[in-house]
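Working notes for the structure below.
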Amino acid sequence: MSNNSEHKAADFIRAIVAEDRASGKHPHPVTRFPPEPNGYLHIGHAKSICLNFGIAEENPGGVCHLRFDDTNPAKEEQEYIDAIQRDVRWLGFDWGDKRFFASDYFEQLYQFAETLIKKGKAYVCSLSAEEVRDYRGTLTRPGRESPFRNRTVEENLDLFRRMRAGEFPDGTHTLRAKIDMASPNLNMRDPTLYRILRTRHHQTGDAWSIYPLYDFTHCLSDALEGITHSLCTLEFEDHRPLYDWVLDLSDPPCHPRQIEFSRLSLEYTVVSKRKLIQLVESGAVTGWDDPRMPTISGLRRRGYTPRGIRDFCRRVGITKAPNNVELALLENCVREDLEQAADRAMAVLDPLKVVIETWPEDQVEELTAPVHPALPERGVRTLPFTREIYIERDDFRLEAPKKFKRLTAGGEVRLRNAYVIRCKEVIRDERGEVVELRCSHDAMTLNAQPEGRKVSGVIHWVSATRHARAEVRLYDKLFTRPDPDDDPEGGSFMNCLNPQSLVVLQDRPVEEGLAAATAERHYQFERVGYFIADHGDSTPGRLVFNRTVTLRDSWAKLQAREQEGEGR
RNA sequence: UGGGCCGUCGCCAAGCGGUAAGGCACCGGAUUUUGAUUCCGGCAUCCCCAGGUUCGAAUCCUGGCGGCCCAGCCA
């Protein structure tokens, strides 16, 4: 927190919280993050987590509860509860002992419901689901009142108690609020409060055969927990009148204020649990934590960092305007964090063999290179330099295009952290493919500029005889369109899956020291990108690196531009 | 078409009647044993449009236009 008390709140919600603190209305804000355990958390949840936990952290005495909104046992699972907790912690937030379940309140909720019935504000409706839909009316036409709307309090109480006792099959009755079937807000047309669902609940077991719905549960749970600011996304704006209606009639301990903000939408990804489930279940990805998934655990496995994600959430802001964010912003946030955080290493993804004829056959020189060139305190690593090495195929050209400053036939280039070499001979196979380069080295160029000439190109390399091998997984966007839902043929987002979203490279030579890479360690493969040792599959004996994001590449950009120019 | 919400640079976003912050992207240019990083510079006479109020409007009023959300016994 800034020490400047004059500083402005970062967004309109923080401004409200600050006002409420200043006025003494709420000296200590209490927020909550209320996921339903029916899927994994995604980047959109991260925005909400950062908001809710952020407000608690920024305000003295503030707290943020983790509350599982577990009112639909049919879709919820313990696995999701575990994953959600893991992800929130990993992001760097702590709910202390403030972990709750809406199901903790089932008994109290039930009592509130009976109170509503006694006040004549709720009734048991015996219409079928289809009939309810029919009676609800449409956007432009008012609904009709249920024929069961005027049951007596006694009858309602009796029926509701018998619903609880499990006397009726699923779907035969519901408890509905008695509000206004003609309301222009469909949520106010006698919304359902309870349904019969004789399903085992992951927390309460077989204790209940009726379960409350969101609109009844959420506001009361907030109130029971003493939440001061109940923050949610814009689609719940229409539910606010109902949120307030329930609380006004229930005489709860307090009346939290619901405030809505726009949900995040990110280019080239989908952020909806329904769609993420579809990706998982269809096998389009390997699971919820597939590195291509926008889930927290997917991002984690991809190599994104908690800091990077939190920074992203901060930069994206909190407003009510559509929050359509470019992927470049997220990528910038990881790069910015990893630039500092990641150790440097060299790896050759598409090897071309180079024989340094001026280097003795069996000589090995242990060169040293910084772990991080800008941070000498991070120490050094050693690189065995040998007669045969690999360089990146793309770093050599028979004929140099304009502004090319890597290796060419007859040309010179600097090997990163080593010597300047000159290409003396190009060996090609019968198809004309370059298979090997014969070079000489300049022994005077270790940590020194060459005499009388300038060599500006620098390329990375790995010893051909002293290296480790690794599987390298190159990840890219999961979808080919910025908005996967915007299919020109009106089809599903599943139609624009990117076939190149994962390219697996087997058995690539990487710097020897990488053999010690432990799971989840971040590296920058110099000149290539940021990578992480996969926490599921990488072991010291079998290295697997996931590409988090490439380095910025102005050379590729230049080339693309020139190609486009030629195409015209 | 009923209701709710939104509309400031390519994207996000400050701004709250006194004459358009910032970030990302983009475009230069410097430094560089990562074409990375870093640095320096450029990038909205204009705020969806049209009227009006005012000495003065992105900010107030009126009327349009455009976008998003809502008809689960999901959350």
Side-chain angles (χ1 to χ4, degrees), chain A residues 8 10-11 34-36 38 69-72 74-75 125 127-129 132-134 136-143 170-176 183-189 191-197 210-211 213-215 217-218 232-241 260 262-263 267 273-274 312 314-333 335-336 339-340 344 346 369 373-374 403-406 413-420 445-449 455-460 524-529 550-558:
Chain A
K8 252 180 293 178
D11 57 66
E36 184 190 10
N38 66 344
D69 220 338
D70 56 345
T71 56
N72 189 0
K75 290 185 175 172
C125 179
L127 252 23
S128 70
V132 168
R133 193 183 316 129
D134 184 48
R136 185 159 31 231
T138 69
L139 294 179
T140 49
R141 244 195 314 280
D170 289 9
T172 49
H173 307 280
T174 57
L175 183 72
R176 292 230 260 161
S183 172
N185 180 348
L186 301 220
N187 295 117
M188 299 300 270
R189 319 241 262 229
T192 304
L193 269 21
Y194 272 87
R195 81 287 220 184
I196 299 172
L197 210 59
I210 54 172
Y211 293 98
L213 278 96
Y214 169 85
D215 286 306
T217 309
H218 202 87
C232 62
T233 43
L234 248 28
E235 64 271 27
F236 291 101
E237 212 153 18
D238 287 344
H239 292 246
R240 185 161 18 103
E260 311 84 10
S262 54
R263 65 189 309 159
E267 270 187 358
K273 274 196 215 164
R274 206 205 92 235
F312 172 74
R314 187 183 58 75
R315 297 202 210 192
V316 138
I318 298 290
T319 66
K320 300 185 76 158
N323 200 211
N324 301 315
V325 179
E326 290 178 339
L327 195 55
L329 181 64
L330 214 212
E331 292 185 339
N332 169 75
C333 291
R335 287 199 186 103
E336 205 169 292
E339 156 62 23
Q340 288 278 317
R344 307 292 127 121
M346 292 195 286
K403 294 187 184 164
F404 186 79
K405 53 184 208 192
R406 280 112 94 148
V413 78
R414 154 84 59 189
L415 293 176
R416 175 88 172 142
N417 298 126
Y419 300 91
V420 168
T445 55
L446 189 62
N447 300 316
Q449 291 304 325
V455 175
S456 57
V458 180
I459 63 175
H460 58 280
Q524 183 198 97
F525 289 174
E526 292 184 281
R527 301 210 312 130
V528 179
T550 61
L551 252 34
R552 278 199 185 82
D553 190 349
S554 60
W555 167 244
K557 199 186 285 180
L558 214 189

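Fair warning: this is a prediction, and the values are worked out from it, not measured in the lab.
Partners of A:R552 by salt bridge (charged side-chain N to carboxylate O under 4.0 Å, His left out), not counting sequence neighbours: none found. In this view, A:D11 and A:R14 satisfy the salt bridge (charged side-chain N to carboxylate O under 4.0 Å, His left out) rule, not counting sequence neighbours. A:R344 is linked by a salt bridge (charged side-chain N to carboxylate O under 4.0 Å, His left out) to A:E339, counting only residues two or more places apart in sequence or in another chain. Qualifying side chain to side chain contact (heavy atoms under 4.5 Å, CB included) partners for A:P184, counting only residues two or more places apart in sequence or in other chains: none. Contacts of A:T140 classified as side chain to side chain contact (heavy atoms under 4.5 Å, CB included), with partners at least two apart in sequence or in another chain: A:T138. Residues passing the salt bridge (charged side-chain N to carboxylate O under 4.0 Å, His left out) test with A:D170 are A:R198, sequence neighbours excluded.
Taking the nucleotide of RNA chain B with the nearest heavy atom to each of A:T71 and A:P184, the more 5' of the two is matched to A:P184. Mapping A:E235 and A:L139 onto RNA chain B via the closest heavy atom, the residue that lands nearer the 5' end is A:L139.
Counting non-hydrogen atoms under 4.0 angstrom, A:N332 reaches the backbone sugars and phosphates but no base. Residue-level contact check: A:P241 touches neither bases nor backbone, having no heavy atom under 4.0 Å from any strand. Residue A:Y194 is out of contact with every strand shown, counting any heavy-atom pair closer than 4.0 Å.
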Listed pairs, N/O of protein and of nucleotides 38-40 of chain B, under 3.5 Å:
none

N/O-N/O pairs, protein side and nucleotides 4-8 of chain B side, under 3.5 Å:
residue, atom, partner, partner atom, Å
B:rC5, O4', A:E237, OE1, 3.4

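The partner of B:rC26 is B:rG42, judged by Watson-Crick or G-U wobble contacts that both fall below 3.5 Å.
In terms of polar N and O atoms assigned as donor or acceptor, the side chain of A:R414 comes within less than 3.5 Å of the base of B:rU33 in a complementary pairing. The base of B:rA36 lies outside donor-acceptor range of the side chain of A:H460, with no N or O pair under 3.5 Å. Side-chain atoms of A:Q449 stay outside donor-acceptor range of the base of B:rU33, with no qualifying N/O pair under 3.5 Å.
When atom types are taken as modelled, the side chain of A:R189 and the backbone of A:R136 share a donor-acceptor pair closer than 3.5 angstrom.
Between A:D69 and A:E36 the shortest heavy-atom distance is O-CG, 3.3 Å. In this structure, A:K405 and A:V413 approach most closely via the heavy-atom pair O-CG2, 4.2 Å.
Atom name P, nucleotides B:rG29 and B:rA14: the rounded distance is 34 Å, in whole Å. Comparing the P positions of B:rG10 and B:rC49 gives a spacing of 13 Å, expressed to the nearest Å. To the nearest whole angstrom, the two P atoms, one in B:rC73 and one in B:rU62, are 37 Å apart. The gap from the P atom of B:rG2 to that of B:rG42 amounts to 50 Å, rounded to the nearest Å.
Distances from the side chain of A:L551 to the nucleotides B:rG35, B:rA36, B:rU33 place B:rA36 closest. Set against B:rU1, B:rC70, B:rC24, the side chain of A:L186 has B:rC70 as its closest nucleotide.
Where stacking is scored as ring centres under 5.5 Å apart with planes under 30°, A:W555 registers as stacked on the base of B:rG35.
The glycosidic torsion of B:rG41 lies more than 90° away from 0, placing the base in the anti range.
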Please set out all donor-acceptor pairs under 3.5 angstrom arising from side-chain atoms of residues 319-330 of chain A, sequence neighbours excluded.
residue, atom, partner, partner atom, Å
A:T319, OG1, A:A321, N, 3.2
A:K320, NZ, A:E237, OE2, 2.4
A:N323, OD1, A:K47, NZ, 2.8
A:N323, ND2, A:V316, O, 3.4
A:N324, OD1, A:S265, OG, 2.8

